[in-house]
Amino acid sequence: SRRLMFRLSPLARAIGRAMEEAPPGWTGTVMADLCIVPIGMGVSVSKQVTACEKILRSNPRLETKLHAYGTNIQGDWDEVFGAIKQCHMEVHRMGTARITSSLRFGTRTDRAQTMDDKVESVESKLKEQ
């Protein structure tokens with residue numbers, strides 16, 4: 001039998017190392033703001049948004065908050081991005097050929113913070129004024 005030998009590129013080594021070694025304080029939690037826009041489905045996209053929202057809410061490991069222009073999602077990195085993929089696939093199954101999404105997301109390693117914590121911080125400062 002022949003053995004295939006190859007060298008990993010510096011980028012491939014860095015990616016592998018990043019996947020193995022989490023930085024200090026990394027919890028794997030991500031907070032995201034997702035806006036999915038089906039293209040070519042008419043003026044109303046509430047059916048598609050509802051289908052996506054059902055997927056997000058069906059995952060007990062995610063916290064979600066629907067708002068006027070999307071959904072805030074908090075949870076484990078893989079869970080959040082897996083759910084976003086499921087949303088896209090479901091909206092395509094519904095007959096949408098094109099989808100454009102806006103996604104903002106953030107992580108932090110200095111302390112744990114929830115979506116409610118972020119809102120409460122601003123609300124408390126507003127009350128101080």
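In what follows, residues are counted from 1 in the order of the sequence shown. Remember, predicted model here, so these are calculated numbers, not experimental data.
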*What heavy-atom pair brings Leu103 and Ala32 nearest, and what distance separates the two atoms?*
CD1-CB, 3.9 Å
*Grab the two heavy atoms, one from Ala83 and one from Leu62, that are nearest each other, plus how far apart they are.*
CB-CD1, 3.7 Å
_Can you give me the closest heavy-atom contact between Ile36 and Ser101, atom names plus distance?_
CG1-OG, 3.3 Å
*Considering all heavy atoms, the nearest Val30-Gly106 contact*: CG2-O, 3.4 Å
*Student check: side-chain heavy atoms of His67 and Asp33 closer than 4.5 Å*: yes
*Taking atom types as modelled and ignoring hydrogens, do the side chains of Thr114 and Gln74 form a donor-acceptor contact shorter than 3.5 angstrom?*
no
*Side chains of His92 and Ile99 in contact at under 4.5 Å (non-hydrogen atoms)*: yes
*Looking at CG of Asp116 and NZ of Lys65, how far apart are the two atoms once the value is rounded to the nearest 0.5 Å?*
4.0 Å
*Give a yes or no on whether Arg108 atom CZ has more than 12 heavy-atom contacts from other residues, nucleotides or ligands under 6.0 Å away.*
yes
*How far does NZ of Lys118 sit from CG of Asn72, to the nearest 0.5 angstrom?*
9.5 Å
*Identify the two heavy atoms, one from Cys52 and one from Leu34, that lie closest to each other, and give their separation to 0.1 Å.*
SG-CD2, 4.5 Å
*So how far is it from Asn59 CG to Asp76 CG, rounded to the nearest 0.5 Å?*
9.5 Å
*Carboxylate-amine/guanidinium proximity below 4.0 Å for Glu128 and Lys125*: no
_Count I, L, V, M, F, W, Y as connected when their side-chain heavy atoms are under 4.5 Å apart, and connections chain through other members. Are Val80 and Leu56 then in the same cluster?_
yes
*Straight-line distance of Thr100 OG1 to His88 NE2, nearest 0.5 Å*: 8.0 Å
*Ser58-Lys54 side chain donor-acceptor pair, cut-off 3.5 Å*: no
*Find the distance between CE (Met41) and CD (Gln48) and round it off to the nearest 0.5 Å.*
5.0 Å
*Between Val45 and Thr96, is any pair of side-chain heavy atoms under 4.5 Å apart?*
no
*Looking only at non-hydrogen atoms, find the nearest pair between Met94 and Ala51 and report the distance.*
SD-CB, 3.6 Å
*Is Val49 reachable from Val37 through a run of I, L, V, M, F, W or Y residues, each pair having side-chain heavy atoms under 4.5 Å apart?*
no
*Rounded to the nearest 0.5 Å, what's the gap from CZ on Arg57 to OG1 on Thr50? Could you check?*
9.0 Å
*asked:* More than 12 heavy atoms of other residues, nucleotides or ligands under 6.0 Å from CZ of Phe81: yes or no?
replied: yes
